[in-house]
Amino acid sequence: MATLIPLNILIGDRTYRIKVLPGDEEAVRSTLKTINEKILEFRSQYSGKDMQDYISMVLIWYATLPANFKDEEMVNQKDVQKLLEKMESQINGFLQS
């Protein structure tokens with residue numbers, strides 16, 4: 001079982017303590033950066049709201065992103081890798097015969 005590491009994270013104006021896998025720390029920090037940047041963007045566009053409103057807006061924005069581009073890229077890379085391995089196998093078969 002992997003050891004979880006504690007992180008103090010800031011979302012909006014609140015600090016939270018969470019535990020993540022060491023390999024996930026960079027992704028979590030990157031996501032938090034995006035979230036906090038969007039909160040600031042919404043704050044500048046819609047003045048007079050409270051932090052809960054901004055966080056809700058970011059949540060809706062984030063949840064409706066088109067199919068998480070990173071996941072699609074990983075799937076495509078795996079498909080390409082499988083195709084290349086199959087082609088390599090076929091070429092090796094032709095060369096050996």
Side-chain angles (χ1 to χ4, degrees):
M1 186 169 161
T3 304
L4 299 175
I5 59 171
L7 290 180
N8 289 321
I9 63 170
L10 179 69
I11 299 176
D13 56 0
R14 286 197 178 178
T15 302
Y16 301 92
R17 187 157 177 89
I18 63 171
K19 291 185 178 184
V20 298
L21 293 170
D24 293 340
E25 180 180 3
E26 185 178 337
V28 169
R29 292 193 185 277
S30 175
T31 301
L32 287 168
K33 182 177 184 239
T34 302
I35 289 169
N36 284 312
E37 286 172 353
K38 278 303 208 185
I39 288 172
L40 289 174
E41 182 181 324
F42 286 129
R43 268 180 113 167
S44 66
Q45 289 178 358
Y46 306 103
S47 61
K49 303 280 186 182
D50 67 359
M51 188 55 67
Q52 185 66 40
D53 291 333
Y54 300 126
I55 292 171
S56 297
M57 289 178 198
V58 172
L59 178 62
I60 292 168
W61 168 81
Y62 197 78
T64 57
L65 281 176
N68 292 329
F69 297 112
K70 291 180 184 176
D71 292 339
E72 286 181 15
E73 289 175 10
M74 290 182 66
V75 169
N76 290 337
Q77 287 176 358
K78 289 179 184 178
D79 290 343
V80 169
Q81 182 177 355
K82 286 179 185 177
L83 180 61
L84 290 173
E85 287 171 356
K86 183 178 178 182
M87 289 171 59
E88 181 182 22
S89 174
Q90 289 174 344
I91 291 170
N92 286 337
F94 288 127
L95 292 175
Q96 291 175 357
S97 38

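Note that this is a predicted model, so its numbers are computed, not measured.
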Who pairs with [X] by side-chain hydrogen bond (donor to acceptor under 3.5 Å, both in side chains), at least two apart in sequence or on another chain?
{"X": "K19", "answer": "none"}
{"X": "R17", "answer": "N8"}
{"X": "R29", "answer": "E25"}

Next item on the list: Evaluate the criterion side-chain contact (heavy atoms from CB on, under 4.5 Å) for residue pair D13 and Y54; output intermediate values, then yes/no.
Entry: CA-CA 11 Å; D13 56 0; Y54 300 126; over 6 Å; no
Item checked: Smallest separation among heavy atoms of T3 and P22, with atom names ->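 Minimum heavy-atom separation between T3 and P22: O-CD, 3.2 Å.
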When clusters are formed by joining ILVMFWY residues with side-chain heavy atoms under 4.5 Å apart, either directly or through shared neighbours, do [X] and [Y] land in the same one?
{"X": "L59", "Y": "W61", "value": "no"}
{"X": "Y46", "Y": "Y62", "value": "yes"}
{"X": "L32", "Y": "I60", "value": "no"}

Check: Among pairs that include at least one residue of residues 40-50, which meet salt bridge (charged side-chain N to carboxylate O under 4.0 Å, His left out), considering only residues two or more places apart or in two chains?
Finding: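 Qualifying pairs: K38-E41.
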Next item on the list: Sequence neighbours left out, what passes side-chain contact (heavy atoms from CB on, under 4.5 Å) with L10? Give chain and number order.
Entry: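 For L10, the residues satisfying side-chain contact (heavy atoms from CB on, under 4.5 Å) (neighbours in sequence not counted) are T15.
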Check: Can you list the residues that meet the side-chain contact (heavy atoms from CB on, under 4.5 Å) rule with I55, with sequence neighbours excluded?
Finding: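 Result, side-chain contact (heavy atoms from CB on, under 4.5 Å) vs I55: I11, I39, M51.
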Checklist line | Full working for side-chain contact (heavy atoms from CB on, under 4.5 Å) between L4 and V20 | finding: CA-CA 5 Å; L4 299 175; V20 298; 5.7 Å; no
Check: Can any side-chain N or O of S30 pair as donor or acceptor with the backbone N or O of E26 at less than 3.5 Å?
Finding: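 Answer holds: no.
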